Amino acid sequence: MQCPVCNHLNSATDVRCFQCRTTLIQEAVGHSDSYRKTTGALDARMYSGVGAFFGFFLVAALLKFILPGVNLGDGEIYTISAVGAGIGGLIGRALLRARMK
Ligand SMILES: [Zn+2]
């Protein structure tokens with residue numbers, strides 16, 4: 001984080017400026033760009049994680065219990081469910097992007 005007083009470049013976690021001891025923490029409390037970027041990345045990870053989780057179990061449950069006449073081995077169901085997890089992750093990210101608008 002750049003010090004607003006002396007422009008010394010401090011690390012993002014520093015509470016005080018290394019050079020002039022100016023308190024930097026109020027910069028972090030406000031929604032600075034780096035703060036928003038960090039929470040945005042966390043949100044994206046959470047949404048895609050939840051999406052992948054539901055995608056996986058939705059596809060697995062669909063193949064195993066709901067669709068009649070589907071006779072796949074557990075390995076095949078697992079593989080297809082992993083694809084479902086990937087799609088679920090993408091849907092989660094798309095939902096997040098739609099919500100941020
Ligand atoms: Zn400083």
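Because the structure is a prediction, the values reported are computed rather than measured. Order of listing sets the numbers, starting from 1, for every ligand and every atom in it.
- Partners of F53 according to the ring-ring contact (aromatic ring centres under 6.0 Å, His included) rule, which considers only residues two or more places apart in sequence or in another chain, are F57.
- In terms of heavy-atom proximity, C20 sits nearest to T22 at SG-OG1, 2.9 Å.
- Around the Zn ion (ligand 1), the protein contributes the following N, O or S atoms under 2.8 Å, ordered by chain and number: C3 SG, C6 SG, C17 SG, C20 SG.
- Between L24 and P4, the closest side-chain pair of non-hydrogen atoms falls below 4.5 Å.
- Partners of N7 according to the side-chain hydrogen bond (donor to acceptor under 3.5 Å, both in side chains) rule, which considers only residues two or more places apart in sequence or in another chain, do not exist here.
- By the side-chain hydrogen bond (donor to acceptor under 3.5 Å, both in side chains) test, R21 pairs with no residue at all, sequence neighbours left out.
- Criterion: ILVMFWY side-chain heavy atoms under 4.5 Å apart, direct or through other members. Under it, Y78 and I80 are not part of a common hydrophobic cluster.
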